[in-house]
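The block underneath contains the structure these notes are about, expressed in structure tokens.
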Amino acid sequence: MTTIDQTLKIAKALGFAEKLASGDLEVRSPIDGAVIGRVAADTSASVDAKIAGAKTAFLDWRTVPAPRRGEFVRLLGEELRKHKDDLGRLVTIECGKVYSEGLGEVQEMIDICDFAVGLSRQLYGKTIATERTDHRMMETWHPLGPVGVISAFNFPVAVWCWNAAIALVCGDSVIWKPSEKTPLTALAVQAICERLIATFDEAPEGLLSVVIGEREVGEQLVDDARVPLVSATGSCRMGREVGPRLAKRFARAILELGGNNAAIVAPSADLDLAVRAIAFSAMGTAGQRCTTLRRLIVHEDIYDDLLVRLKKVYGSVAIGNPLDAGTLVGPLIDRQGFDAAQAALAQAADEGGKVTGGERANVDVGEDAFYIRPALAEMPSQSAIVEKETFAPILYVLKYKDLSGAIALQNSVAQGLSSSIFTRDMQEAERFVSDVGSDCGIANVNIGPSGAEIGGAFGGEKDTGGGREAGSDAWKAYMRRATNTVNYGTELPLAQGVSFDV
């Protein structure tokens with residue numbers, strides 16, 4: 001069955017088939033380059049109407065008790081469980097990740113729904129010690145308003161759900177602008193949500209909405225004063241444009257931007273474990289994760305041994321149709337991604353690198369699909385191309401002599417998302433996660449930098465934007481904080497001993 005036929009079958013099952021031929025925005029599957037849909041893009045007027053609807057919905061939704069809001073999210077998780085196979089397959093068809101990763105992405109949605117349900121009864125404030133007699137001081141948290149979510153092609157549904165599940169239990173409405181490269185999965189999820197809203201008494205129309213289109217649609221969402229928070233996932237370049245525009249109107253930003261992630265392999269490392277972790281982190285999703293391993297910093301004593309093992313794995317990894325069982329590396333998203341990979345490899349060679357792999361893979365699916373063999377680039381130093389993030393399965397390999405130098409090398413790039421070390425030395429492990437170790441938002445020991453769980457707050461530092469989504473206390477970004485003081489006495493003592501008698 002072709003990708004076109006599979007898409008139509010899934011669209012009928014999920015209830016959005018009428019959207020597949022509703023407009024002029026062309027959607028192609030990276031699996032074979034086929035056009036799998038032509039969807040309607042929003043106009044400025046329709047975006048405005050959806051933001052207005054989200055504002056109205058927020059005013060109603062914020063009055064619904066948080067545990068009831070959690071019940072809505074619980075039911076959303078149940079719907080995602082019911083449609084996991086179809087939605088996971090559509091993720092694979094539209095963005096090209098292997099089917100197990102497509103299913104895994106939907107499982108992330110389910111997991112964050114479960115997390116948010118529990119959170120709906122734990123939106124805790126604090127009682128604060130006060131210096132004034134017969135007073136009580138406390139901190140309370142309140143719904144913020146409509147939340148804008150701008151997501152990228154590589155995780156077309158999970159990142160929305162990281163934001164939406166938490167925002168919903170916090171009392172917010174959500175407006176979603178998916179990547180123009182992957183709008184079909186958003187339309188599928190929206191169809192599921194609309195059916196749920198129709199059956200949940202307290203859920204207002206406009207609680208969840210999708211706006212489809214290119215850059216100008218996202219700009220309208222970013223610039224609208226009715227949207228107090230925008231969570232944007234994309235490149236550092238995009239973040240540099242989005243951040244100042246939100247700051248100009250004093251809106252909040254959750255920025256999840258680039259990652260030039262490194263792993264250090266110490267002399268004591270379990271190399272069998274390290275090779276497996278490196279392979280997934282560097283080649284999974286065809287190198288198109290923000291947490292993809294891009295720099296491997298290896299101690300000189302084990303460098304040659306590890307390279308032999310990696311070259312064997314890289315030379316034998318199964319590349320092909322991501323829907324086929326056994327495939328581990330699928331296609332790049334499009335020609336632009338392929339051209340960027342080839343340019344990076346050429347520059348690596350110019351900068352003294354020894355490149356193995358990286359050529360276009362011979363996958364018999366047509367000229368409009370772009371598969372490449374994952375590449376290893378042995379670099380003499382951390383040169384200009386190594387410091388640049390390229391969204392492709394390219395792993396730059398460097399040597400180090402001492403741990404301080406390795407950590408400094410890792411931290412010397414602009415991005416600060418994810419990092420890891422492979423070691424069986426407790427002192428090295430603890431140093432790596434200490435305040436003199438990794439400067440990234442994620443620092444792992446004996447696992448790769450890729451594949452975060454939803455229980456922890458996800459995000460990074462420096463050019464990665466500083467945003468945090470998903471677990472821990474990331475929920476606080478979706479609410480407004482109030483400090484309240486209640487005087488239950490008959491006197492009016494002033495703070496700091498101030499006297500003001502009238």
| task | Find the distance between NZ (Lys97) and CD1 (Ile31) and round it off to the nearest 0.5 Å. | result | 12.5 Å
| If you look at every heavy atom in Thr327 and Val98, which pair is closest and at what distance? | O-CG1, 3.5 Å
| Heavy-atom pair of closest approach, residues Gly258 and Cys236 | N-SG, 3.5 Å
| Between Val265 and Leu296, is a side-chain contact (heavy atoms from CB on, under 4.5 Å) present by the stated rule, with each step listed? | CA-CA 8 Å; Val265 186; Leu296 188 64; 3.7 Å; yes
| said: Quick one: does any side-chain atom of Glu387 pair with a main-chain N or O of Ser383 as donor and acceptor, under 3.5 Å? | reply: no
| Cut-off 3.5 Å, side chains only: do Lys462 and Gln415 have a donor facing an acceptor? | no
| To the nearest 0.5 Å, what is the distance between NZ (Lys55) and CZ (Phe58)? | 6.0 Å
| field | Value rounded to 0.5 Å, distance of CZ in Phe370 from CD1 in Ile372 | value | 11.5 Å
| query | Do you know which two heavy atoms are closest between Gly357 and Ala375, and how far apart they sit? | reply | C-CB, 3.9 Å
| Does the side chain of Arg431 come under 3.5 Å of the side chain of Ser404 through a donor N or O and an acceptor N or O? | yes
| Passes salt bridge (charged side-chain N to carboxylate O under 4.0 Å, His left out), Arg62 versus Asp172? Steps please. | CA-CA 7 Å; Arg62 66 179 177 175; Asp172 303 328; over 6 Å; no
| Are side-chain N/O atoms of Ser438 and Gln410 paired as donor and acceptor at under 3.5 Å? | yes
| field | Arg360 NZ/CZ over Phe338 ring centroid, <6.0 Å and within 45° of normal | value | yes
| Residues Val169, Val117; criterion side-chain contact (heavy atoms from CB on, under 4.5 Å); working and verdict | CA-CA 7 Å; Val169 300; Val117 172; over 6 Å; no
| request: Drop me the distance from Arg295's CZ to Glu389's CD, to the nearest 0.5 angstrom. | output: 10.5 Å
| On the ring face of Phe155, is Arg289 found with NZ or CZ under 6.0 Å from the centre and within 45° of the axis? | no
| Side chains of Thr423 and Ser268: do they bring a donor and an acceptor to under 3.5 Å? | yes
| task | Sequence neighbours left out, what passes ring-ring contact (aromatic ring centres under 6.0 Å, His included) with Phe458? Give chain and number order. | result | Trp162
| note | Rounded to the nearest 0.5 angstrom, the SG-CZ distance for Cys440 and Phe432 is 7.0 Å
| task | Verify the distance criterion only: is there a donor paired with an acceptor across the side chains of Thr464 and Glu256 at less than 3.5 Å? | result | no
| message | Applying ring-ring contact (aromatic ring centres under 6.0 Å, His included), can you list everything that pairs with Tyr371, at least two apart in sequence or on another chain? | response | none
| query | Any chance the rings of Tyr478 and Trp141 have centres within less than 6.0 Å? | reply | no
| said: Do Thr291 and Asn261 pair up side chain to side chain, a donor and an acceptor below 3.5 Å, judged on atom types alone? | reply: no
| said: I'd like to know if the side chain of His142 reaches the main chain of Ala482, judged simply by a donor and an acceptor atom lying under 3.5 Å from each other, with no hydrogens or angles considered. | reply: no
| query | Could you go step by step and tell me if Phe72 and Trp61 meet the ring-ring contact (aromatic ring centres under 6.0 Å, His included) rule? | reply | CA-CA 11 Å; Phe72 178 85; Trp61 187 242; 5.6 Å; yes
| remark: Nearest heavy-atom approach of Pro449 to Ser419 is CB-N, 3.9 Å
| Partner set under side chain to side chain contact (heavy atoms under 4.5 Å, CB included) for Asp350, not counting sequence neighbours | none
| Worked check of side-chain contact (heavy atoms from CB on, under 4.5 Å) between Ile302 and Leu271 | CA-CA 9 Å; Ile302 57 169; Leu271 292 188; 4.1 Å; yes
| message | Tell me whether Arg373 contacts the main-chain N or O of Thr356 through its side chain, where contact means a donor paired with an acceptor under 3.5 Å. | response | no
| request: Ignoring hydrogens and angles, tell me if any N or O in the side chain of Arg69 forms a donor-acceptor pair with the backbone of Ala167 under 3.5 Å. | output: no
| Does a donor on one side chain and an acceptor on the other come within less than 3.5 Å for Thr285 and Glu101? | yes
| message | Show, in sequence, the C-alpha distance, side-chain angles and deciding distance for Glu94 and Arg89, and conclude whether the salt bridge (charged side-chain N to carboxylate O under 4.0 Å, His left out) test is met. | response | CA-CA 9 Å; Glu94 193 172 37; Arg89 185 172 291 272; over 6 Å; no
| said: What verdict does the side chain to side chain donor-acceptor pair (under 3.5 Å) test give for Ser209 and Trp176, after you've listed the backbone C-alpha separation in whole Å, the side-chain angles of each residue and the deciding distance to 0.1 Å? | reply: CA-CA 6 Å; Ser209 56; Trp176 180 12; over 6 Å; no
| Counting distance only, does the side-chain N/O of Lys50 pair as donor-acceptor with the main-chain N or O of Val210 below 3.5 Å? | yes
| task | Identify the two heavy atoms, one from Ala116 and one from Ile166, that lie closest to each other, and give their separation to 0.1 Å. | result | CB-CD1, 4.1 Å
| task | Report the C-alpha separation of Asn154 and Val159 in whole Å, then their side-chain angles, then the decisive distance to 0.1 Å, and conclude whether the side-chain contact (heavy atoms from CB on, under 4.5 Å) test is met. | result | CA-CA 10 Å; Asn154 59 331; Val159 170; over 6 Å; no
| message | Regarding Glu469 and Asn163, do their side chains bring together a donor and an acceptor under 3.5 Å, going by distance alone? | response | yes
| request: I would like to know whether Arg28 and Asp334 meet salt bridge (charged side-chain N to carboxylate O under 4.0 Å, His left out); could you show each step before the answer? | output: CA-CA 9 Å; Arg28 291 180 178 269; Asp334 54 21; over 6 Å; no
| task | Mind running salt bridge (charged side-chain N to carboxylate O under 4.0 Å, His left out) on Lys177 and Glu219 for me, showing each step along the way? | result | CA-CA 10 Å; Lys177 194 278 179 193; Glu219 288 178 338; over 6 Å; no
| said: Under a 3.5 Å cutoff, is there a donor and acceptor pairing between the side chains of Thr483 and Glu139? | reply: no
| query | Are side-chain N/O atoms of Asp111 and Gln107 paired as donor and acceptor at under 3.5 Å? | reply | yes
| request: Report yes or no: does Asp42 contribute a side-chain atom to a donor-acceptor pair with the main-chain N or O of Ile212 at less than 3.5 Å? | output: yes
| Distance-only polar pair, side chains of Gln347 and Glu351, donor-acceptor under 3.5 Å | yes
| task | Look at the side chain of Arg249 and the backbone N and O of Val222, then say whether any donor-acceptor pair between them is shorter than 3.5 Å. | result | yes
| said: For Val386, is there any backbone N or O sitting under 3.5 Å from a side-chain donor or acceptor partner on Asn260? | reply: yes
| Roughly how far apart are Met137 CE and Ile128 CD1, rounded to 0.5 Å? | 5.0 Å
